[in-house]
Amino acid sequence: MKFDQPAGQNPIDQLKVVGKPTDRIDGKYKTTGTAPYAYERHDVAANQAYGYVLGASIAKGRVRAIHTEDAKRAPGVLGIVTTLETPRLERGMMNAAYLFGGDQIQHYHQAVAVVVAETFEQARAAAFLVAVDYTPDAGKFDLAVEAKGAPPVPGDSGEGSGGDGEERVGDFEGAFAQAPVTLDERYTTADESHAMMEPHATIAAWDGDKVTLWTSNQMIGWGHGSLAKILGVPKENVRLDSPYVGGGFGGKLFVRADAVLAALAAKALKRPVKVALTRPLIANNTTHRPATIQRVRIGATKDGTITAIAHESTSGNLPDGDPETAVSQTKLLYAGANRLTAMKLAHLDLPEGNAMRAPGEAPGLMVLEVAMDEMAEKLGMDPVEFRIRNDTQVDPQDPKRPFSKRDLVGCLRLGAETFGWAKRNPRPGQVRDGQWLVGHGMAAAFRNNMVLKSGARVRLDGDGTVTVETDMTDIGTGSYTIIAQTAAEMMGVTLDRVVVRLGDSAFPVSSGSGGQFGANSSTAGVYAACVKLREAVAQRLGINSEDAVFADGQVRAGNRAVPLGEAAAQGALSAEDTIEFGDLSKKQQQSTFGAHFVEVGVDADTAEIRVRRMLAVCAAGRILNPKSARSQVIGGMVMGTGAALMEELAVDTKRGFFANHDLAGYEVPVHADIPHQEVIFLDEVDPMSSPMKAKGVGELGICGVGAAVANAVYNATGIRVRDYPLTLDKFLDRLPEAA
Amino acid sequence: MRSFTYERPDTAAAAAAAVAATPNAKFIAGGTNLLDLMKLQIETPTHLVDVNGLGLDRIEATPDGGLRIGALVRNTDLAADARVRKDYGVLSRALLAGASGQLRNKATTAGNLLQRTRCPYFYDTAQACNKRQPGSGCSALDGVSRQLAVVGGSNACIATHPGDMAVAMRVLDATVETIDAKGAERRIPIAEFHRLPGDAPELDTTLRSGELITAVTLPKPVAGTHIYRKVRDRASYAYALVSVAAILGKDGAGHVAFGGVAHKPWRVEAAEADLPRGAKAVTDAVFADAEPTQENAYKLKLAERTLSAALNQARA
């Protein structure tokens, strides 16, 4: 199905199933241990051996020799595959670092060997017996140093943000020089780890020249092609299966060393091999969100109308890596005739920087929305009103392009009212509750909406069961449920009549999960397949498909009513289709919007920051399942709070690696950090996005929330910190003397 | 984890003898730290002597009005003990500020005293660390050191003792009781139990080979407000950036020890006379010899302000 006209009325609009708060249908499997993650799929292949990945202990240089004799003699060891005996493998799509093969070390903990044994413990113990000789090279590890002279480069996150190295509209410098009120500040954000619960893990088994990987991956279609390329086998000989994914956040968009080394080891040993990356390897062997150094300049008239806005960001990466697209939202969020955005890229020899939940927008809004708060204060304006003043209904870089649906103002106003913003004291450092300095902050949320081609197959069986198959993944987001809701709505059955099977490369290729494009795109694909199935059902029953009504488990036309299953009485009916998107998203800008409001307490003595309550109001088209959508938004708010307050991969700039490479050292928020969260969705549809009229919400929640936290800290203390995360050591010395 | 042999003796003396008799043997109780370290081959014992069968799990009154805490009393039980809560509140609060409920259920009193540093370079076996591998150097000195020691460190090591319980025991003047392979008992004042790194940072404590902790005794209760204030980057399940264990009167007079700042719980008794004058006078003296790195110099100000918060609490 080609989607190139705005959606009209369609069966989804009935909202009998879609749009209802619905428990996740995989929830009972998750909570009873019957939804096995990749590493626990003991039944898929007999005689699984265990691989343990050894990471390089230098950050840059060459492997001279790998001594495996002792390890090979260790108990239970079946074999060792080393990088030196493997030619450098091709890279999968959108990756800069080489995963394995050859003697070059590009970053710390790059895989140099996989040791395979009968048990995990044996493999791990033997890995410690492998001695590697290196010739280290000097590397570049300090972004602050390398940022000087970094050139502007184009870049694309692959997830809806990106652009040219420098983009200009009007005369920024001239307008900024003439603006009566200006801001020019520098900010930094830290390297961050996805730190998902389930580590990267794969079981690989070969059958002749065909290989199957039971793995944990967000993008089966991408992974399928990438693995075929990396392993040098035809695509039809590779199968990926990833029905349950214990979190990804962009860290599992790509094929990683676990999959490659499991496949290589299984081939070498002629036996199924399973490999999980250890927690330290997740920090340094895989990808991360790169640190940025950002500069924002805003010029405005005294009434708060922005006349000039510039946002520049510098990040680092390995050669062939992309810049963090941290300026993308600034092209679209606020009006202003004179504009400049730039992305600069420094060469760093740290592990690869790549997509992490809302790549670009998360660190970009962390900065832009603090700058907006600072500017509002300079103007003597309420920060909510300042944003409303500069709202735009068109793409500011291309005013012929309207937004398909943009109600940022509605989010801001409803949020302010619900949160009690009017009661906030605009003068910072004034509100005290016992030991706590109390502050309130807000920020706009913005995340682009991407639409991606997505396919599905739907089958109707004689008992009336509808089975959906698509290689779409559920990374903890609720894909199973919204896909089931879509099929139930389209076929006129209850949810318990729908079976959803996901994550298998044998199924039609979907959008996959990433860039908050999965929910809208994949359900639109299911919609398309169901349209075809409805036609097949009508035809089988001899009903004009235009007249057929699918409801209550029946197909009705005129005064005839037939149980749906009857259409498949003589054999299952199956239909497959792919939704393909035309240029609607080019003609009109599709984005999602929100407003975050946060109350914090800052300990007057110790500067500890504790969030007290949070509110997000979101406008993201039709909300397919308010329950799981809320979970996505509050999860994003937690993650953004982590970025604002504590999450930082600490770079050892001498040795070139992230030193705090476990979950004791890399702190993410715990329950005690997040006391109260509220989410409100505006009731809206966006007919330009898809037949579902939905957009993404999986990343909107993280966008801007960190800035709202930081702005609340400023309101509490009167101290502005521009280096994130906002840990107490960065402002303790500026707090008033303890009483 | 390397292969190891295992035994479970019946008496403390037998346990001590077993460790003394076997090179590279270790005691294991709760295992909440040791097992992690073994998996990472930071600890590589060849023989484990399981002390969980020794009893040593009672909290008893002592003749002089104090408490004797068996080495195997679990952290959860110690924190919840009515006598501890009533008379040694600083200890109960310190325990509850540490780890998680699950870990406290398993972790023991003696094991908590013996937990090893959380320095990131100690944990990465590819990095130089004198504590893990004597003579290899210290990557932390010019590396990531935000969490590390500001006082009492050396050119060989700036690791911290990561615990909370021991900081409270330090301010309570606890005594560690041990037994050795020959059955000889020893009483080690907590002040002398943990070491400074000096040029032998591989040694965390003054325990001798094979010496087994059997109990920790607390002297009779000290009046005052018992405070344990732990400052960290998140609200729970994090090591202290700085912690303050204090027993303070309404006038501020009392005792204070600091955690998260040194290789051992840090207390300078001579400075305590200044407590009624306020935090700064005390911390200036307590940290007079501090040599922080650029990354952790904030701990000095934080220690002062955290003590100030404790003094405010005591005066309120």
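In the text below, chain A, chain B and the rest are named by the order of the sequence lines, each starting its count at 1. This structure is a prediction, so every number in the text was calculated from the model and none was measured.
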*Asks:* Specify the closest pair of heavy atoms between B:R232 and A:R610, including all atoms of both residues, with the distance to one decimal.
*Replies:* O-NH2, 3.7 Å
*Asks:* Is it the backbone or the side chain of A:L663 that comes under 4.5 Å from a heavy atom of chain B, or both, or neither?
*Replies:* backbone
*Asks:* Counting heavy atoms not belonging to B:R277, are there more than 12 under 6.0 Å from its CZ?
*Replies:* no
*Asks:* Are any side-chain N or O atoms of B:R234 and backbone N or O atoms of A:V668, one a donor and one an acceptor, separated by less than 3.5 Å?
*Replies:* yes
*Asks:* Hey, could you give me the CZ/CE distance between A:F120 and B:M1, rounded to the nearest 0.5 Å?
*Replies:* 10.0 Å
*Asks:* Can you name the closest pair of heavy atoms from A:D673 and B:A235 and give their distance?
*Replies:* OD1-N, 2.8 Å
*Asks:* If you count every heavy atom of other residues, nucleotides or ligands that lies below 6.0 Å from B:N105 atom CG, does the total exceed 12?
*Replies:* yes
*Asks:* Side chain, backbone, both or neither: which part of A:E608 has an atom under 4.5 Å from a heavy atom of chain B?
*Replies:* side chain
*Asks:* Check whether any side-chain heavy atom of B:Q127 lies under 4.5 Å from a side-chain heavy atom of A:F657, and answer yes or no.
*Replies:* yes
*Asks:* Please assess B:E304 against A:D605 for the test side chain to side chain contact (heavy atoms under 4.5 Å, CB included), listing each intermediate value before the final yes or no.
*Replies:* CA-CA 9 Å; B:E304 178 198 326; A:D605 293 311; over 6 Å; no
*Asks:* Using non-hydrogen atoms only, which part of B:Q147 is less than 4.5 Å away from chain A: side chain, backbone, both, or neither?
*Replies:* side chain
*Asks:* With a 4.0 Å cut-off on N to O distance, would you call B:D124 and A:R655 a salt bridge?
*Replies:* no
*Asks:* Quick check on B:S3 against chain A: is it the side chain, the backbone, both or neither that has a heavy atom closer than 4.5 Å?
*Replies:* neither
*Asks:* Would you say that more than 12 heavy atoms from the other residues, nucleotides or ligands in this model lie under 6.0 Å from the CD of B:E202, or not?
*Replies:* yes
*Asks:* Quick one: do B:R229 and A:T606 satisfy side chain to side chain contact (heavy atoms under 4.5 Å, CB included)? Show the steps, please.
*Replies:* CA-CA 10 Å; B:R229 185 75 161 85; A:T606 63; 3.6 Å; yes
*Asks:* Identify the two heavy atoms, one from B:V144 and one from A:A650, that lie closest to each other, and give their separation to 0.1 Å.
*Replies:* CG1-CB, 3.7 Å
*Asks:* Would you mind checking which part of B:L40 comes under 4.5 Å of any heavy atom in chain A, side chain (CB onward), backbone (N, CA, C, O), both or neither?
*Replies:* backbone
*Asks:* Begin with the C-alpha distance, continue with both residues' side-chain angles, and end with the deciding distance and a verdict on side chain to side chain contact (heavy atoms under 4.5 Å, CB included) for B:L241 and A:L728.
*Replies:* CA-CA 10 Å; B:L241 301 171; A:L728 59 86; 3.9 Å; yes
*Asks:* Do B:R305 and A:D733 sit within salt-bridge range, that is, some charged N less than 4.0 Å from a carboxylate O?
*Replies:* no
*Asks:* Tell me, for B:K39 versus chain A, whether the close heavy atoms (under 4.5 Å) come from the side chain, the backbone, both or neither.
*Replies:* both
*Asks:* Sort out for me which of B:T306, B:N296, B:D142 touches chain A most, counting heavy-atom pairs under 4.5 Å.
*Replies:* B:D142
*Asks:* Testing the basics here: between B:G143 and A:D652, what is the closest heavy-atom pair and its distance to 0.1 Å?
*Replies:* CA-OD2, 4.0 Å
*Asks:* Against chain B, work out which of A:Q435, A:H661, A:K730, A:H671 has the most heavy-atom pairs shorter than 4.5 Å and name it.
*Replies:* A:H661
*Asks:* For the candidates A:H109, A:K654, A:R124, which exhibits the highest count of non-hydrogen atom pairs separated by less than 4.5 Å from chain B?
*Replies:* A:R124
*Asks:* Using the rule given for side chain to side chain contact (heavy atoms under 4.5 Å, CB included), can you reason through B:R2 versus A:F128, listing the C-alpha separation, both sets of side-chain angles and the distance that settles it, and then say yes or no?
*Replies:* CA-CA 9 Å; B:R2 287 194 197 160; A:F128 279 94; 5.9 Å; no
